[in-house]
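When a residue number appears, it is its place in the shown sequence, counting from 1.
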Amino acid sequence: MRLATIRYNDVEQAGIVTAGGVFPMVALNAAKGTAWATNLMDMIRARQVPGLTAWYNAGGKAELETLPGCVPAAEVVYGPLYRNPRRIFGIGLNYVDHAGDIGSAAPTGFPGSFFKQADTLVGPGDEILLPMLKEAQKTTAEAELGIIIGKDCRDVPESDWESAIVGYTTILDMTEESILKGNDFVQGNPRYLTIVKNFPTFFSFGPELVTPDEVPDVLKLEVQSVHNGEVRAKNVVSNMTHQPAKLVSLHSSIQGWYAGDVLSTGTPRAFELQDGDIAECRVHGPNNFEMRPLLNPVVDLKLHPQK
């Protein structure tokens, strides 16, 4: 099953993705007299997604085609999956190729980890804003597989890591790379990582949450960094230095997890952004599996200060 948040009747609300569009939860409740949460974060926190998935796979998918209320695909406007995660947790340099881009060795003992603030968050089609700050000379985008945590938990064994998650999504994670590495205005320093990761609009996720039953083997998924329609880099999850089972388990034993936390697992390679660009994340898998791609246009605030 695939869930999304759409902008409908001036409200961002959750729905089930169908062949013809998106079926809002409010319409499903009206048609069937159910009481599913209509906000995706509320649904995750109430641990309703597994039950909804079971209903969908046991005949609900076909039933949705007979019920009134589906928003046709041509009218769907996607938002971010939700706007209020407790935490956004990123993994840096998790593919050796990407580590080479910035002249660093891929961390091998523990993963390179960082937090992002929720107010960096945007959704599909929203503008990525390149900072006005004069020190900001080179912003890059990183396409990543996102993992959505499904419950509050600690000390999750690697063997049981999937019990802690509720689904997967596509992510674009931005970095103000020139400040991190240094430029004519500032000497680079790795301790600037929090600064360079947390400009407004520097984290986009969605449009779909794909439930784990649709992903039999996450290690076979291929993540693609796409710049203006051109695939700039791609790699499979099995080539990560720290794979999802370890990431979920290890961090559950450090900071723990809250329902709705977002884990961004690392990028095959970053690409530089310029005004007018389109940044894109694609995720593909075996047997023609693919997630709906995430695309965001780019606006340079130095050129368009009115934005």
Side-chain angles (χ1 to χ4, degrees), residues 1-88 118 121-125 146-154 156 160-171 205-215 248 252 256-263 291-292 294:
M1 183 179 69
R2 300 182 182 217
L3 298 168
T5 292
I6 62 173
R7 298 179 177 119
Y8 183 63
N9 290 336
D10 298 321
V11 176
E12 289 186 346
Q13 53 185 286
I16 301 172
V17 179
T18 70
V22 176
F23 205 107
M25 299 309 298
V26 65
L28 181 61
N29 288 339
K32 290 185 61 66
T34 48
W36 300 108
T38 58
N39 173 280
L40 189 48
M41 175 60 95
D42 291 343
M43 188 182 297
I44 293 169
R45 286 176 173 164
R47 300 183 65 177
Q48 292 182 351
V49 175
L52 185 63
T53 304
W55 169 80
Y56 179 87
N57 289 335
K61 178 180 180 180
E63 186 178 356
L64 285 173
E65 303 300 328
T66 71
L67 297 176
C70 184
V71 179
E75 299 176 18
V76 168
V77 178
Y78 290 100
L81 294 178
Y82 40 88
R83 296 186 178 274
N84 56 335
R86 288 281 292 270
R87 293 179 301 202
I88 301 169
L121 192 153
V122 292
I147 297 175
I148 308 299
I149 303 300
K151 62 182 181 181
D152 296 0
C153 55
R154 289 195 63 86
V156 178
D160 197 34
W161 73 278
E162 288 182 296
S163 72
I165 74 169
V166 73
Y168 303 96
T169 193
T170 43
I171 285 173
F205 84 135
E208 295 179 344
L209 183 157
V210 181
T211 53
D213 58 292
E214 288 207 16
V215 185
V248 172
S252 77
W257 293 113
Y258 292 110
D261 281 356
V262 183
L263 172 61
M291 296 186 187
R292 185 177 297 276
L294 170 64

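For Glu208 (side chain) and Ala4 (main-chain N/O), no donor-acceptor pair under 3.5 Å exists by modelled atom type. Under a 3.5 Å cut-off, the side chain of Arg2 and the backbone N or O of Thr211 do not form any donor-acceptor pair. Under the 3.5 Å distance criterion, the side-chain polar atoms of Thr170 are matched with a main-chain donor or acceptor of Gly206.
Under the salt bridge (charged side-chain N to carboxylate O under 4.0 Å, His left out) criterion, Arg83 pairs with Glu12, sequence neighbours left out. In terms of the side chain to side chain donor-acceptor pair (under 3.5 Å) criterion, Tyr8 has no residue partners (sequence neighbours excluded). Listed by chain and number, the residues in a salt bridge (charged side-chain N to carboxylate O under 4.0 Å, His left out) with Lys61 amount to none (sequence neighbours excluded). Partners of Ser252 according to the side-chain contact (heavy atoms from CB on, under 4.5 Å) rule, which considers only residues two or more places apart in sequence or in another chain, are Val156, Trp257. In terms of the side chain to side chain donor-acceptor pair (under 3.5 Å) criterion, Asp152 has no residue partners (sequence neighbours excluded). Not a single salt bridge (charged side-chain N to carboxylate O under 4.0 Å, His left out) links Glu75 to another residue, sequence neighbours left out. For Tyr82, the ring pair (Phe, Tyr, Trp, His ring centres under 6.0 Å) criterion is met by Phe205, not counting sequence neighbours.
Salt-bridge annotation for Arg87 and Asp261: present, with a side-chain N of the basic residue lying under 4.0 Å from a carboxylate O of the acidic one.
If you take CG on Leu294 and CZ on Arg292, they are separated by 11.5 Å, rounding to the nearest 0.5 Å. Taken from CD1 in Ile148 to CG in Leu263, the straight-line distance is 8.5 Å, to the nearest 0.5 Å. The CD1 atom of Ile6 sits 6.0 Å away from atom CD of Gln13, with the distance rounded to the nearest 0.5 Å. Note that the CD1 atom of Ile171 and the OH atom of Tyr168 stand 13.0 Å from one another [nearest 0.5 Å]. Taken to the nearest 0.5 Å, the CE atom of Met1 stands 4.0 Å off from the CG atom of Leu52.
Among residues at least two apart or in separate chains, side chain to side chain donor-acceptor pair (under 3.5 Å) pairs with a member in residues 31-48 are Asn29-Thr34, Lys32-Glu63. Residue pairs that meet the side chain to side chain donor-acceptor pair (under 3.5 Å) test with at least one member in residues 51-60, sequence neighbours left out, are Asn57-Asp213.
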Is there a side chain to side chain contact (heavy atoms under 4.5 Å, CB included) between Asn9 and Val26 once you walk through the steps?
CA-CA 11 Å; Asn9 290 336; Val26 65; over 6 Å; no
Give the intermediate values and the outcome of side chain to side chain contact (heavy atoms under 4.5 Å, CB included) for residues Val210 and Thr169.
CA-CA 6 Å; Val210 181; Thr169 193; over 6 Å; no
Evaluate the criterion side chain to side chain contact (heavy atoms under 4.5 Å, CB included) for residue pair Val262 and Leu121; output intermediate values, then yes/no.
CA-CA 11 Å; Val262 183; Leu121 192 153; over 6 Å; no
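For the side-chain contact (heavy atoms from CB on, under 4.5 Å) test with Val166, the passing option among Ile147, Ile149, Leu209, Leu40 is Leu209; the others fail.
Side-chain atoms of Leu64 and Cys70, non-hydrogen and from C-beta on, never get closer than 4.5 Å to each other. Within the 4.5 Å cutoff, no side-chain heavy atoms of Pro80 are placed close to those of Val122.
Closest non-hydrogen pair, Phe23 versus Pro68, comes out as CZ-O, 3.1 Å. Minimum heavy-atom separation, Pro24 to Gly69: CD-O, 3.4 Å. Taking each heavy atom of Val248 and Ala164 in turn, the nearest pair found is CG1-CB, 4.1 Å.
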